[in-house]
Participant: 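Pasting a structure here, questions to come.
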Amino acid sequence: DEVADANRARMVSVTDWPTPQGMKAILETHAVTATLPREGVLQLDFAFRLEAPSGPVKLDGDAQHAGFHFRAADEVEKRKDAKYERPATAVSKKGDVWAECPWVVCRFKVNGDDYAVMHMNGPANPQPTVYSTRNYGRFGAFAVAEASPDAPLSLRYRVLVCDGAVATGENWARNYEEFAKAAKQ
């Protein structure tokens, strides 16, 4: 399913995740909506619905490799100079993991241009959620969760991609509050 006009683009895809025996472990419906809420800002809203028709499926892993992540261009990885901003509530855990952290902003350069990317975790997503932030511009949210035949799992995230000039004046906490309010509706 695809929709696009001058103000918005939306794509929905459906993926079957089979077991080695050929059963459907997860039926994933993934929707992404792209908008331009103001000049210099691309807003990407992600909605996932995970159904487990063949029985319960536990989603687990580690904060660095599981969950929903963003990764900057290869040149950021080579320089390892990404900088992060987090809410005042964020608590540093072992390594690069942060708890009590509903959002993270990563600042980096690509082709000499400054960017800031804000990653927001939906308030109704499973808790506790942690963020992993690596100095090469890979960061994201992770939580252990389960989907079952009677209880599909729904997840929401928002990513703002801002050019450097716009990012300087951004109120990150306000951006998250607006997302959290919209996600509850």
Participant: Parallel, tilted or perpendicular: which one describes the rings of H119 and F68, with boundaries at 30° and 60°?
Facilitator: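 H119 vs F68 ring planes: tilted.
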
Participant: Should the pair Y176 and F179 be assigned to parallel (<30°), tilted (30 to 60°) or perpendicular (>60°) ring geometry?
Facilitator: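 The arrangement is perpendicular - the two ring planes meet at more than 60°.
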
Participant: Among residues at least two apart in sequence or on other chains, which ones pass side-chain hydrogen bond (donor to acceptor under 3.5 Å, both in side chains) with T129?
Facilitator: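 For T129 the side-chain hydrogen bond (donor to acceptor under 3.5 Å, both in side chains) partners, ignoring immediate neighbours, are N121.
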
Participant: One thing to verify: whether R174 and E178 come together as a salt bridge, which I'm taking to mean a side-chain N less than 4.0 angstrom from a carboxylate O.
Facilitator: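 Yes, charged N to carboxylate O under 4.0 Å.
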
Participant: With no hydrogens and no angle check, is any side-chain donor or acceptor of D163 less than 3.5 Å from a backbone partner on A165?
Facilitator: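 At least one qualifying donor-acceptor pair exists.
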
Participant: Which residues pass the salt bridge (Lys or Arg N to Asp or Glu O under 4.0 Å) test with K24, sequence neighbours left out?
Facilitator: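 Per chain and number, K24 pairs via salt bridge (Lys or Arg N to Asp or Glu O under 4.0 Å) with D16.
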
Participant: Do the side-chain N and O atoms of T133 and D96 include a donor-acceptor pair separated by under 3.5 angstrom?
Facilitator: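 Absent: no donor and acceptor within the cut-off.
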
Participant: Ignoring hydrogens and angles, tell me if any N or O in the side chain of E75 forms a donor-acceptor pair with the backbone of N111 under 3.5 Å.
Facilitator: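 Indeed, once roles are kept as given, a pair shorter than 3.5 Å links the two residues.
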
Participant: So, for E100 and V91, which heavy atoms are closest and what is the spacing to 0.1 Å?
Facilitator: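 Of all heavy-atom pairs spanning E100 and V91, the closest is CG-CG2, 4.0 Å.
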
Participant: Establish, from distance only, whether the side-chain atoms of T35 and R8 form a donor-acceptor pair under 3.5 Å.
Facilitator: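 Short answer, no.
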
Participant: More than 12 heavy atoms of other residues, nucleotides or ligands under 6.0 Å from NZ of K80: yes or no?
Facilitator: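 Yes - once you tally the heavy atoms of other residues, nucleotides and ligands closer than 6.0 Å, there are more than 12.
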
Participant: Among F139, Y136, Y84, whose ring-ring contact (aromatic ring centres under 6.0 Å, His included) with F70 holds?
Facilitator: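 Checked F139, Y136, Y84 against F70; only one passes ring-ring contact (aromatic ring centres under 6.0 Å, His included): F139.
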
